[in-house]
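What follows is a short report on a single structure.
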Amino acid sequence: QVQLVESGGGLVQAGGSLRLSCVASGSIFSINTIVWYRQTPGNQREWVASISGGSTNYADSAKGRFTISRDNAQKTGYLQMNSLKPEDTAVYSCYAAIQRMRGETIQGYWGQGTQVTVSS
């Protein structure tokens, strides 16, 4: 089965940077879409950024500060986060729409999340 594992979270001061990784493993033919979400303390999960093919999209809160990218050969998605703010504090989770084999339907998979804490 496909597994997604996030890493790169941690504690950083406001204005600092973090680079999150989402590594997919298992039987994978292609990763069509990678999406980053975050669960803010006291709030519901919110969408942060997505990449599908060469097209990227960002939430307003992430525009100009975050960059989503991917390495298809390494089956890895990234979220580069710069100019971090305390309000960015959340558990960040990776979602990927994946074809496990050629001809199969696309299925969605979630990682377990990685904690990002931005201090003031």
Side-chain angles (χ1 to χ4, degrees):
Q1 185 59 266
V2 172
Q3 183 178 13
L4 303 181
V5 179
E6 301 99 330
S7 63
L11 176 64
V12 65
Q13 291 185 337
S17 299
L18 286 173
R19 181 172 175 258
L20 306 183
S21 298
C22 175
V23 180
S25 61
S27 180
I28 298 172
F29 175 74
S30 66
I31 302 176
N32 298 86
T33 305
I34 299 172
V35 188
W36 286 96
Y37 295 87
R38 67 187 182 188
Q39 186 87 43
T40 303
N43 294 278
Q44 296 183 8
R45 183 174 59 199
E46 63 177 326
W47 167 72
V48 177
S50 61
I51 182 168
S52 182
S55 179
T56 59
N57 292 278
Y58 299 92
D60 288 340
S61 60
K63 289 179 180 177
R65 301 187 300 122
F66 293 4
T67 302
I68 188 170
S69 62
R70 63 194 297 174
D71 186 332
N72 291 329
Q74 297 297 318
K75 300 177 182 177
T76 303
Y78 301 96
L79 184 67
Q80 177 68 46
M81 305 187 295
N82 299 326
S83 302
L84 284 164
K85 305 174 181 179
E87 50 262 46
D88 295 319
T89 295
V91 175
Y92 285 73
S93 299
C94 176
Y95 170 90
I98 292 173
Q99 285 183 295
R100 295 182 62 209
M101 295 187 296
R102 182 165 63 93
E104 282 196 350
T105 59
I106 299 172
Q107 297 177 282
Y109 300 88
W110 286 92
Q112 81 287 351
T114 184
Q115 176 70 48
V116 171
T117 303
V118 184
S119 64
S120 59

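In what follows, every heavy atom counts, from backbone to side chain, and hydrogens, waters and symmetry copies are set aside.
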Among pairs that include at least one residue of residues 45-120, which meet disulfide bond (SG atoms under 2.5 Å apart), considering only residues two or more places apart or in two chains?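 Applying disulfide bond (SG atoms under 2.5 Å apart) to every pair that reaches into residues 45-120, excluding sequence neighbours, yields Cys22-Cys94.
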
Quick one, Tyr37 with Val35, criterion side-chain contact (heavy atoms from CB on, under 4.5 Å). Give me CA distance, side-chain angles, the key distance, then yes/no. CA-CA 7 Å; Tyr37 295 87; Val35 188; 3.3 Å; yes

If the threshold is 4.0 Å, N to carboxylate O, is there a salt bridge linking Asp60 and Lys63?
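Salt bridge: yes.
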
Under 4.5 Å between side-chain heavy atoms, counting indirect links through other Ile/Leu/Val/Met/Phe/Trp/Tyr residues: same cluster for [X] and [Y] or not?
X     : Y     : value
Phe66 : Leu18 : yes
Val2  : Val23 : no
Leu20 : Val12 : yes

Is it the case that [X] and [Y] place a side-chain donor and acceptor less than 3.5 Å from each other?
X      : Y      : result
Gln115 : Thr117 : yes
Thr40  : Glu46  : yes
Tyr92  : Arg38  : yes

Practice task
Kindly give the cluster partners of Leu11, where membership spreads through any ILVMFWY side chain lying under 4.5 Å from a current member.
Solution key: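 Cluster partners of Leu11: none, it stands alone.
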
Compile the donor-acceptor pairs under 3.5 Å between side chains in residues 101-112 and protein atoms, sequence neighbours left out, one pair per line.
| residue | atom | partner | partner atom | Å |
| --- | --- | --- | --- | --- |
| Gln107 | OE1 | Tyr109 | OH | 3.2 |
| Tyr109 | OH | Gln1 | OE1 | 3.2 |

Residue pair [X] / [Y]: nearest heavy atoms and the distance that separates them:
X      : Y      : answer
Val116 : Gly9   : CG2-CA, 4.1 Å
Ala49  : Leu79  : CB-CD1, 4.2 Å
Leu4   : Ile98  : CD2-CD1, 4.3 Å
Ala14  : Ser120 : CB-CA, 4.4 Å
Gly77  : Ile34  : CA-CD1, 3.7 Å

Keeping the roles fixed (side chain from [X], backbone from [Y]), state whether a donor-acceptor pair exists under 3.5 Å.
X      : Y     : value
Gln80  : Arg19 : no
Tyr95  : Ser50 : no
Thr76  : Gln74 : yes
Thr114 : Glu6  : no

Discussion item. With rounding to the nearest 0.5 angstrom, report the CE to CH2 distance, Met81 to Trp36.
Written reply: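 Here the rounded value is 8.0 Å.
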
request  = Under the side-chain contact (heavy atoms from CB on, under 4.5 Å) rule, what do Tyr78 and Thr67 come out as? Steps first, then yes or no, please.
outcome  = CA-CA 8 Å; Tyr78 301 96; Thr67 302; over 6 Å; no

side-chain contact (heavy atoms from CB on, under 4.5 Å) between Lys85 and Arg65, worked out
CA-CA 10 Å; Lys85 305 174 181 179; Arg65 301 187 300 122; 3.8 Å; yes

- request: Check salt bridge (charged side-chain N to carboxylate O under 4.0 Å, His left out) between Arg100 and all other residues, then give those that pass, not counting sequence neighbours.
  value: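 For Arg100, no residue satisfies salt bridge (charged side-chain N to carboxylate O under 4.0 Å, His left out) once neighbours in sequence are set aside.
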
**Sequence-distant partners of Gln13, side-chain contact (heavy atoms from CB on, under 4.5 Å), two or more places apart** =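 Result, side-chain contact (heavy atoms from CB on, under 4.5 Å) vs Gln13: Ser119.
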
Please set out all donor-acceptor pairs under 3.5 angstrom arising from side-chain atoms of residues 26-33, sequence neighbours excluded.
| residue | atom | partner | partner atom | Å |
| --- | --- | --- | --- | --- |
| Ser30 | OG | Gln99 | OE1 | 3.0 |
| Thr33 | OG1 | Ser52 | OG | 3.3 |

